[in-house]
Each structure stands twice: as C-alpha cells, then as structure tokens.
Amino acid sequence: MTDQMVDAPPAAVPAELTPGHSRWPGLRPWLPLVALAVAAIVPYSTLALPGIFEGPLNSPGTLQLLAVCLVFGGLAAGYDLLFGRTGMLSFGHALYFAAGVYGTDILVTRAGLPLWQAALFTVVGATTLAALLGAVALRTVGIAFAMVTLAFAQVGAILVARNFGGWTGGEEGLPLDVSGLPPALVGVTNTVNLYWLALAYLTLVVFVVHRVSGSPTGRVLAGLRDDERRVGVLGLDPYRFKLVAFTLAGGLASAGGVVYCLIVGGASPHVTSSELTLSLLVMVVLGGPGTRWGPVLGGILYMYLDHRLTAFGSSDAVDALPTVLSAPLSQPLFVLGTVFILAVYFFPGGLASLTTRLRPLLTALRPPR
C-alpha cells in the first residue's frame with residue numbers, strides 16, 4: 001500500500017473573528033455604563049410614550065413605576081445568586097425582602113429612629129436572620145430545602161398578618177411616618193430622588209453579584225450548581241459556601257425592602273406572601289437564570305407588565321371587547337401567565353438568549369457585500 005496525503009480540513013474560524021459578528025466589539029464593555037447613564041438622565045426627559053406610560057418620563061407616576069421596576073430588577077438579580085448561580089430553590093426569599101420593608105417602617109414610625117439608623121439596623125438584622133435561618137435550612141437539600149424556607153416565610157407572614165405586638169398594623173399594613181424622613185425623600189416633587197435611590201440599589205446589587213460570580217467563591221458556587229459531590233471531593237465545604245450565598249442574597253433583598261418602603265410609603269402584608277417568591281422565580285426564568293443581565297431584565301419587565309396590565313384590564317378598550325375576550329384580558333395574572341408560557345416555549349434560555357436565537361435570522365437578512 002502506498003501512503004496517501006490527505007488534506008486537513010480548514011481550521012474553523014472563531015465566531016468572534018468572523019465578519020459581521022460584532023461591528024463594535026470595543027463598545028461592548030462600555031454598554032452597562034451607557035445604560036446606567038441613560039437611566040440616570042431619564043428624569044430630565046419630557047418624552048411621552050403613549051400606550052407605554054401614562055405620562056412623560058419625568059412625571060411622578062412614571063418615575064415611581066420605573067423605580068419599583070428597578071427595585072425588583074435588583075431583587076431578581078439577588079435571587080438569581082441563589083437559584084441560577086448556586087442551584088438552590090428557595091420558596092422563602094420574600095421573608096428577607098419583607099424584613100427590610102417592615103423593619104424600616106417599624107423603626108421609623110414606631111421607634112422614631114432616623115432613616116439612616118433604621119436602614120442600617122434593618123439590613124444588619126435581616127442579614128443576621130438570613131444567616132441563622134440559612135444555617136438551619138441548608139441542613140436539607142432539594143425539595144426539603146425549598147419546603148423549609150417556605151415554612152420560615154409562612155411564619156413571618158402569620159406574624160405580620162396577626163399584628164404581632166401591635167407593630168405591623170395587621171392586614172391593613174403600616175403607613176410610613178414621613179416626618180422622620182429627610183425632606184429630599186418626601187413629597188411628589190421628590191419622586192425623582194426615590195428613582196435615583198432605586199437605580200443606585202440596582203447598580204449595587206449587579207456590582208456585588210458580578211464580583212462574587214467572577215471570584216473564586218463564585219466559581220465554587222457554580223460548581224455546587226453543577227455537581228455538589230465533586231466540590232466536596234475537592235476538599236471544600238459545600239455547606240459553608242451555600243450559607244455565604246444564602247446570607248448575601250438575604251442581605252441584598254433586605255436592602256431592596258428598605259428602598260421599596262420609601263417608594264410606596266409604607267408596608268403591606270403582600271410583601272410577606274409566598275407569591276412574591278414565586279414571582280421572583282418567574283422573573284429569573286423569564287430573563288434567563290445564571291446569566292449576567294437576564295434576571296435584571298426579567299424583573300423589570302415582569303413588574304412593568306404587572307402594573308400596566310392592571311390598568312389595561314380595567315380600560316374601556318377591554319370592556320368594549322366581546323365577553324370571551326374581555327374576561328381573560330381583564331385578569332392581569334392570566335395575561336402574565338400566557339406571556340410567561342410563550343416566552344419559556346419559544347425562548348427556553350430566557351430573554352438573555354434572545355440575541356443568540358435571532359442571530360441566524362439577522363445574518364440571513366443582512367444584505368450581501
């Protein structure tokens with residue numbers, strides 16, 4: 001037999017080096033800063049978007065809606081530290097958010113503390129609570145862990161609903177005493193300051209989550225999500241790392257509760273419900289668990305739809321439709337559920353995978369050179 005020379009196939013060119021992959025690759029690292037700058041100057045814009053917002057961007061109602069969306073974007077990013085990046089399914093994350101809301105309200109309204117002291121004590125106390133409850137819950141795994149966290153959250157919901165010690169206001173909630181707040185955070189004209197506070201909270205959460213994810217601890221958390229036994233074989237303690245993630249996520253959620261209390265002007269029992277944790281789970285899945293910006297986008301979009309669909313369901317346009325259409329469209333949860341099902345079916349990776357899935361279509365539509 002004679003040896004034959006066989007030509008090797010051409011080397012595959014990495015996607016990032018192919019023409020048209022990214023027209024401005026040098027701008028990508030700066031996009032978060034550009035988005036932050038655009039979000040910061042929104043209160044200076046008088047742009048009106050009919051059908052999207054009820055008033056101009058700088059109107060108090062629009063700014064309050066955007067502030068709530070930003071808070072829940074940060075809350076979803078913090079919850080993703082548990083669910084998407086560590087693989088822990090908690091059904092009680094709303095407890096620490098509620099601790100931030102009620103802790104701030106009680107210390108300002110009942111105890112008469114200044115806001116900065118109330119916020120500091122609330123975040124420290126809620127973080128300590130997360131560490132203590134996490135130390136117990138993390139003795140279990142899987143569905144047992146989810147049920148234990150749910151049980152803790154239900155205890156908190158019962159204490160709030162029954163007005164334990166006369167502190168929470170029961171089912172009526174507890175309005176915030178604005179006399180104990182700085183003047184810059186009181187009144188409709190200062191809604192812009194609350195918006196910037198919510199934006200600062202979102203920025204803080206994203207910064208912390210990204211730094212943790214890129215650190216050696218974050219790589220261990222990713223290993224726990226993929227194969228916890230392998231991490232144990234390497235000589236690392238999975239329990240300790242999961243407790244760090246659980247405590248950090250609880251502390252970030254309590255900080256969001258402080259900001260949310262200021263935005264809505266008080267506390268109400270719905271923030272203690274398990275439905276809120278389920279909503280956080282939907283936000284993360286909608287945006288893309290374990291991705292950089294997916295949970296943030298999912299949280300913002302979910303809360304926007306939740307608020308806008310309530311107004312849409314009671315509008316004259318929906319009432320004028322036939323009953324077979326107006327009945328389901330008047331229920332915001334029905335519409336949200338439909339959107340979620342469609343999003344999961346067509347985009348299993350969430351909003352974060354949208355660019356990847358649409359790239360072949362955009363490439364096909366690009367005119368030849």
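- Looking at residues two or more places apart in sequence or on another chain, you find no side-chain hydrogen bond (donor to acceptor under 3.5 Å, both in side chains) involving Glu275.
- Atoms CD1 and CG, from Ile41 and Leu36 in turn, are 10.5 Å apart once rounded to the nearest 0.5 Å.
- Val188 belongs to no multi-residue hydrophobic cluster, having no ILVMFWY side-chain contact under 4.5 Å with any other such residue.
- How far CD of Gln64 is from CD1 of Ile263: 7.5 Å, rounded to the nearest 0.5 Å.
- A side-chain donor-acceptor contact under 3.5 Å links Arg219 to the backbone of Gly214.
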Q: Check the pair Met303, Leu75 against side-chain contact (heavy atoms from CB on, under 4.5 Å), reporting the backbone distance first and the verdict last.
A: CA-CA 11 Å; Met303 289 309 299; Leu75 191 60; over 6 Å; no
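- Residues satisfying the side-chain hydrogen bond (donor to acceptor under 3.5 Å, both in side chains) test with Ser273, not counting sequence neighbours, are none.
- Nearest heavy-atom pair, Pro43 versus Asn58, reported as atom, atom and distance to 0.1 Å: O-CB, 3.0 Å.
- Not a single donor-acceptor pair under 3.5 Å links the side chain of Arg225 to the backbone N or O of Met88.
- Of the candidates Thr127, Leu133, Thr128, Thr247 forms a side chain to side chain contact (heavy atoms under 4.5 Å, CB included) with just one, namely Thr127.
- A donor-acceptor pair under 3.5 Å is formed between the side chain of Thr86 and the backbone N or O of Leu81.
- Taking Arg308 as the reference, Glu54 meet the salt bridge (charged side-chain N to carboxylate O under 4.0 Å, His left out) condition, with sequence neighbours excluded.
- Among residues two or more places apart in sequence or in another chain, the side-chain contact (heavy atoms from CB on, under 4.5 Å) test is passed with Ala119 by Val258.
- Counting only heavy atoms from C-beta outward, the side chains of Phe83 and Ser90 never approach each other to under 4.5 Å.
- Side-chain heavy-atom separations under 4.5 angstrom define the hydrophobic clusters, and the remaining members of the one that includes Val155 are Leu159, Phe164.
- For the pair Asp105 (side chain) and Ala267 (backbone), a donor-acceptor distance under 3.5 Å is present.
- The minimum heavy-atom distance linking Tyr201 with Val71 is given by the pair CE2-O, 3.5 Å.
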Q.
Could you walk me through whether Phe145 and Leu89 satisfy the side-chain contact (heavy atoms from CB on, under 4.5 Å) test, starting with their C-alpha distance in whole Å, then the side-chain angles of each, then the deciding distance to 0.1 Å, before giving a yes or no?
A. CA-CA 8 Å; Phe145 169 77; Leu89 178 60; 5.6 Å; no
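- Without hydrogens or angle criteria, Thr149 side chain to Phe91 main chain gives a donor-acceptor distance under 3.5 Å.
- For Tyr260 and Phe97, the gap between ring centers is short of 6.0 Å.
- The cationic atom of Arg139 (NZ for Lys, CZ for Arg) lies less than 6.0 Å from the six-membered ring centre of Tyr239 and within 45° of the ring axis.
- Checked by atom type and distance alone, the side chain of Ser215 pairs as donor or acceptor with a backbone atom of Val212 at under 3.5 Å.
- Within the hydrophobic cluster formed by Ile, Leu, Val, Met, Phe, Trp and Tyr side chains joined at under 4.5 Å, directly or through other members, Val38 is accompanied by Val34.
- Rounding to the nearest 0.5 Å places CG of Leu181 at 5.5 Å from CG of Leu115.
- Taking both residues in full, the closest heavy atoms of Leu252 and Val209 are given as CD1-CG2, 4.3 Å, listed atom of the first, atom of the second, then distance.
- With side-chain heavy atoms closer than 4.5 Å counting as contact, directly or through intermediates, the hydrophobic cluster containing Leu113 also holds Leu107, Phe121.
- Here the shortest heavy-atom pairing between Thr122 and Gly103 reads OG1-C, 3.2 Å.
- Looking at every heavy atom in both residues, Gly251 comes nearest to Val123 through O-CG1, 4.3 Å.
- Between Tyr44 and Trp196, the ring planes lie tilted relative to each other; the angle falls in the 30° to 60° range.
- Ile300 contributes atom CD1, which lies 10.0 Å from atom CH2 of Trp293 (distance to the nearest 0.5 angstrom).
- Taking OG of Ser274 as the start and CG of Leu281 as the end, the distance is 12.0 Å to the nearest 0.5 Å.
- At least one donor-acceptor pair under 3.5 Å links the side chain of Ser45 to the backbone N or O of Leu47.
- For Phe334, the side-chain contact (heavy atoms from CB on, under 4.5 Å) partners are Pro328, Gln331, Thr338, not counting sequence neighbours.
- Listed by chain and residue number, Leu49, Tyr304 satisfy the side-chain contact (heavy atoms from CB on, under 4.5 Å) test with Ile52 (two or more places apart in sequence, or in another chain).
- A pairwise comparison of heavy atoms in Ala76 and Val284 identifies O-CG2, 3.6 Å as the closest pair.
- Take Tyr79 and apply the ring pair (Phe, Tyr, Trp, His ring centres under 6.0 Å) test, not counting sequence neighbours, and it matches His93.
- The backbone N or O of Asp177 lies less than 3.5 Å from a partner atom in the side chain of Thr109, making a donor-acceptor pair.
- Taking CG from Leu351 and CG from Leu297, the interatomic distance works out to 6.0 Å, rounded to the nearest 0.5 Å.
- Listed by chain and residue number, Thr168 satisfy the side-chain hydrogen bond (donor to acceptor under 3.5 Å, both in side chains) test with Asn163 (two or more places apart in sequence, or in another chain).
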